[in-house]
Amino acid sequence: MPKEYRTIQEVAGPLMMVKGVEGVTYDELGEIELMSGEKRRCKVLEVDGDKVVVQLYENAAGINLSNSKVRFLGRSLELGVSGDMLGRVFDGLGRPADGGPEILPEERRDINGLPMNPAARVYPSEFIQTGISAIDGLNTLVRGQKLPIFSCSGLPHSQLAAQIARQAKVRGTDEKFAVVFAAMGITFEESNFFVESFKETGAIDRTVLFINLANDPAVERISTPRMALTAAEYLAFEKDMHVLVILTDITNYADALREISAAKKEVPGRRGYPGYMYTDLAQMYERAGRQRGKKGSITMIPILTMPEDDKTHPIPDLTGYITEGQVILSRDLYRKGIQPPIDVLPSLSRLKDKGIGEGKTRADHSNTMNQLFAAYSRGKDAKELMTILGEAALTEIDLIYAKFADEFEKQYVSQGYHTDRSIEETLEIGWKLLSILPRSELKRIDDKYLDLYYGKQ
């Protein structure tokens, strides 16, 4: 039985100081029992001799210093995992939030996980179809990859996240596919949108949701993605499933990290975020991947809203270092009514060339991808020139490129949030658009593919 302490010295906001303790370690879980018998959880943030500072998972209201007892449980926060988690909704601490029964765990796992041995990692190389042309065709997602979505406040990243969660699949196999969805610091309305969206299409049956609402404590927000990743690791490496983990919104997570760091009076780093934010994010992102000898995999899509639309802000900046590319949403495209407003030119998937080609997507994929990028880039330049100098200043070929850029945004990028395109459909739309240009302009495509597909749509 853990030893009980009645030596709470002070409570300051979410922090509490207990003295006279022994054998307590950092990150250990504790339990506070109030006079009424109510129990609240806390975790150890700092140990100094016989004094510890703990952080409360719930609020501090009603804690009487002289009558409350604290027990330290000798373990970190754990999640009971089981195959029955699929189709369920949990709160940020892993408790059922859908009115259903408690999960009967097959095992209990520390939510901090164990780092994956770099030598045991397998290089990502298999294509995942999201059904979204701007991702599948141009910034292909590969199994085991970490591909964040950088959004701006007010843009429809929630709809895009829900669409990817509903539509993503590994093609041509009957392998089991699951989605683990963690939402941090979102409103009740958003939470409702995600749950209803998955229920409507039946995608909820293969989804585990962890939802931390905006009015839940900051410390719970820090546990939420770790809970989700613990569930994902179990499903991937014990149940041989291919798991897509979607984390939204990483900015709320980093703000909770800053709030707790300020409460602990730590020296702030860039923009007030703690200096260890890079390490903290890396510990989370690096839990994605594939392992030798294991069939399952974890692919991760973290979503973050860039404060002030600034991609040099510490959160997107550090995320960009750790992950393999980024998909960027654009306010300009959103204003034009392009849905989803994915800006393909600054977006990048560093592993896209590993997941495309013969036997994965189609042999002409790589050529057409390069040609679409080049043509769209030139078309955008032509449109800018037109804005400054007027249409008369453009050559005939520049006008064709300008028309191509408009059609590309309307037909290729814009597809709405309920269209699920196969990779073949995406490639066909690409060829249809490339047929706007004269054949002599398509210098990045092999002649054998031009003979097969050019002008045949």
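Quick note: numbers below take in every heavy atom, side chains included, and nothing from hydrogens, waters or symmetry partners.
- Counting heavy-atom neighbours within 6.0 Å of Lys336 NZ, excluding the residue itself, gives a total above 12.
- Between Arg287 and Thr230, the side chains place a donor N or O and an acceptor N or O closer than 3.5 Å (distance only, hydrogens not considered).
- Between His313 and Phe150, the distance separating the two ring centers is not shorter than 6.0 angstrom.
- Two rings, from Tyr376 and Tyr412, have their centers 6.0 Å or more apart.
- Residues Ser414 and Gln339 bring no donor and acceptor atom of their side chains to less than 3.5 Å of each other.
- Side-chain atoms of Tyr253 and Asp280 form a donor-acceptor pair, as typed in the model, at a separation below 3.5 Å.
- Comment: Asp420 engages Lys169 in a salt bridge, judged by a side-chain N to carboxylate O separation of less than 4.0 angstrom.
- Salt-bridge annotation for Glu233 and Lys239: absent, with no side-chain N of the basic residue lying under 4.0 Å from a carboxylate O of the acidic one.
- Between Phe181 and Phe194, the ring planes are tilted. Angles from 30° to 60° get that label.
- Under the ring pair (Phe, Tyr, Trp, His ring centres under 6.0 Å) criterion, the residue pairs touching residues 87-113 are Phe90-Phe210, with sequence neighbours excluded.
- Between Asp406 and Lys383, at least one side-chain nitrogen of the basic residue sits less than 4.0 Å from a carboxylate oxygen of the acidic one, meeting the salt-bridge criterion.
- For Lys51 and Glu46, the salt-bridge test fails: no basic side-chain N is under 4.0 Å from an acidic carboxylate O.
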Hey, can you pull the donor-acceptor pairs under 3.5 Å for the side chains in residues 19-26, sequence neighbours left out?
| residue | atom | partner | partner atom | Å |
| --- | --- | --- | --- | --- |
| Glu22 | OE2 | Lys3 | NZ | 3.4 |
| Thr25 | OG1 | Glu28 | OE1 | 3.1 |

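- No side-chain donor-acceptor contact under 3.5 Å links Tyr234 and Glu107.
- For the residue pair Ser349 / Gln145, a side-chain donor-acceptor distance below 3.5 Å is found, with atom types taken as modelled.
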*Are Asp317 and Lys311 close enough, and set up right, to give a side chain to side chain contact (heavy atoms under 4.5 Å, CB included), and what steps lead you there?*
CA-CA 6 Å; Asp317 189 31; Lys311 59 175 179 276; over 6 Å; no
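- A donor-acceptor contact under 3.5 angstrom links the side chains of Thr305 and Asp249, judged on distance only.
- With respect to the salt-bridge test (charged N to carboxylate O, under 4.0 angstrom), the residues Arg331 and Asp309 qualify.
- For the pair Arg258 and Tyr273, the cation-pi criterion (under 6.0 Å, within 45° of the ring axis) is fulfilled.
- For Glu266 and Ser261, the side-chain atoms include at least one donor-acceptor pair closer than 3.5 Å.
- Looking only at atom types and distance, the side chain of Thr312 has a donor-acceptor partner in the side chain of Asp310 under 3.5 Å away.
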Which pairs would a plain distance check flag for residues 62-69, meaning a side-chain donor or acceptor within less than 3.5 Å of a matching protein atom at least two apart in sequence or in another chain?
| residue | atom | partner | partner atom | Å |
| --- | --- | --- | --- | --- |
| Asn64 | OD1 | Ser66 | N | 2.9 |
| Asn64 | OD1 | Ser66 | OG | 2.9 |
| Asn64 | OD1 | Asn67 | N | 3.4 |
| Ser68 | OG | Asn64 | N | 3.3 |
| Ser68 | OG | Asn64 | O | 2.8 |

